Amino acid sequence: MAGNRMICHCKQVDYIAIRKAMIEGARTIEEIKEKTGASTSCGRCTGAIEEILASVCGCTGTSLASVVEAVKNGADTVEKVGEVTGAGTACGRCKALVQNVIDTKR
């Protein structure tokens with residue numbers, strides 16, 4: 001896990017706030033902006049936010065795209081997604097995000 005570092009200094013939005021927004025369904029910069037306010041001032045944090053959005057599991061290096069693909073291919077539980085992608089099989093912190101991907105199919 002990346003730890004709770006400050007991502008958007010202008011709006012005081014940290015890594016955990018962005019991950020929580022993802023668990024609530026945010027998948028784009030615009031959705032992160034709406035939920036957290038990050039990247040709405042100077043924009044220097046946009047690249048870091050894009051990197052966070054692209055990742056589901058830091059422990060295994062599992063991308064959001066691979067989790068979405070696994071779900072589209074029939075993985076309908078966190079355990080099944082873990083079997084296919086490795087997400088959620090190490091520390092387990094990403095399980096809520098994996099479940100949201102299953103629920104929203106995105």
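All values below come from the heavy atoms of this structure, side chains included, with hydrogens, waters and symmetry mates left out. What you are looking at is a predicted structure, and each value in this text was computed from that prediction instead of being measured.
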Atom of C94, atom of V56 and distance for their closest heavy-atom approach: CB-O, 3.3 Å

Atom pair CG/NE2 of D14 and H9 - distance to nearest 0.5 Å: 10.5 Å

Partners passing side-chain hydrogen bond (donor to acceptor under 3.5 Å, both in side chains) against T104 (at least two apart in sequence or in another chain): none

With K95 via salt bridge (charged side-chain N to carboxylate O under 4.0 Å, His left out) - residues at least two apart: none

Minimum-distance pair of heavy atoms, taken over all atoms of A21 and T36: CB-CG2, 3.9 Å

Considering all heavy atoms, the nearest C59-C91 contact: SG-SG, 3.5 Å

V67 versus A87, closest heavy-atom pair with distance: CG2-CB, 4.1 Å

Co-membership, hydrophobic cluster, residues I16 and I29, 4.5 Å side-chain: yes

Nearest-0.5 Å distance, CG of residue L64 to CZ of residue R27: 6.0 Å

Distance (rounded to the nearest 0.5 Å) between I32 CD1 and C45 SG: 10.5 Å

Worked verdict on K105 versus K72 for side chain to side chain contact (heavy atoms under 4.5 Å, CB included): CA-CA 7 Å; K105 308 276 190 280; K72 286 181 180 178; 6.0 Å; no

NZ (K35) with more than 12 external heavy atoms under 6.0 Å: yes

Listed pairs under 3.5 Å, donor-acceptor, residues 46-53 side chains, sequence neighbours left out:
| residue | atom | partner | partner atom | Å |
| --- | --- | --- | --- | --- |
| T46 | OG1 | S39 | OG | 2.6 |
| T46 | OG1 | G43 | O | 2.9 |

Gap separating the CG atom of L97 from the CZ atom of R19, nearest 0.5 angstrom: 5.5 Å

Short N-O contact, K33 and E30, less than 4.0 angstrom: yes

Heavy atoms of other groups near R106 CZ, more than 12 under 6.0 Å: yes

Spacing of CD1 belonging to I23 relative to CG belonging to D103, to within rounding of 0.5 Å: 12.0 Å

Separation of T77 OG1 from K80 NZ (nearest 0.5 Å): 5.0 Å

Full working for side chain to side chain contact (heavy atoms under 4.5 Å, CB included) between V71 and I102: CA-CA 6 Å; V71 170; I102 293 166; 3.8 Å; yes

Partner of V81 under side-chain contact (heavy atoms from CB on, under 4.5 Å), chosen from V68, T62, V98: V98

